[in-house]
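What follows is a set of notes on a single structure, which appears directly below.
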Amino acid sequence: MSNLLSRQELLQLLDKIMRPKAYGLNEKQGDEVLLAFCAGCPDPVGARWLVVECLDPMSDEELVDRAMNMARRNPADVPTSELPAGHPLREIAD
């Protein structure tokens, strides 16, 4: 897995994820930013869940703090019931 990103780096990426038009990002670029954010977290799959699926109301800072405090987990070890076999997050595994 890639190196973990700092809180500030994650906040900057999250801002791009939340406001892609403000950064002039197309859909593919937005997906790449999301993958970069997830790859920079201890649990990339959990981080993706926080950004894409979690319905808990929270600020960007709270989301990043939650992502940073997750236990380290390699996407290669995540069952296919949680992350499909061909998902791009699996490519960031060791």
Would you call Glu61 and Arg7 a salt bridge, using N to O less than 4.0 angstrom?
no
Do NZ/NE/NH1/NH2 and the carboxylate oxygens of Arg19 and Asp15 come within less than 4.0 Å?
yes
Considering all heavy atoms of both residues, which atom of Pro42 and which atom of Leu4 are nearest to each other, and what is their separation?
N-CD2, 3.5 Å
Quick one: CG on Leu50 to CZ on Arg48, what's the gap to the nearest 0.5 Å?
11.0 Å
Using a strict 4.0 Å threshold on nitrogen-to-oxygen distance, state whether Glu32 and Lys28 make a salt bridge.
yes
Closer than 3.5 angstrom, by distance alone: can the side chain of Thr80 be matched with the main-chain N or O of Leu83 as a donor-acceptor pair?
no
I need the Gln12 CD to Tyr23 OH distance, nearest 0.5 Å.
7.5 Å
In terms of hydrophobic clusters joined by side-chain contacts under 4.5 Å, are Val52 and Val45 together?
no
Working to the nearest 0.5 Å, report the span between CD of Glu82 and CG of Leu89.
11.0 Å
Backbone of Pro88 reached by a side-chain donor or acceptor of Glu91 within 3.5 Å:
no
Can you tell me how far apart CZ (Arg73) and CG (Asp43) are? Round to the nearest 0.5 Å.
4.0 Å
Can you find a pair of side-chain heavy atoms, one from Leu5 and one from Phe37, that are under 4.5 Å apart?
no
Might you point out which heavy atoms bring Glu62 and Met58 nearest each other, and give the distance in Å?
OE1-CA, 3.1 Å
So CG of Leu63 and SG of Cys54: to nearest 0.5 Å the spacing works out to 7.5 Å
Met68 reachable from Leu35 in the ILVMFWY side-chain graph, under 4.5 Å edges
no
The reported gap from CE in Met18 to CG in Leu34 (rounded to nearest 0.5 angstrom) is 9.5 Å
Tell me if a side-chain donor or acceptor on Arg90 pairs with a main-chain N or O of Pro84 at a distance below 3.5 Å.
yes
Does Trp49 share a hydrophobic cluster with Val78, counting links as ILVMFWY side-chain heavy atoms below 4.5 Å and allowing steps through other members?
no
Are more than 12 heavy atoms, taken from residues, nucleotides or ligands other than Glu53, located less than 6.0 Å from that residue's CD atom?
yes
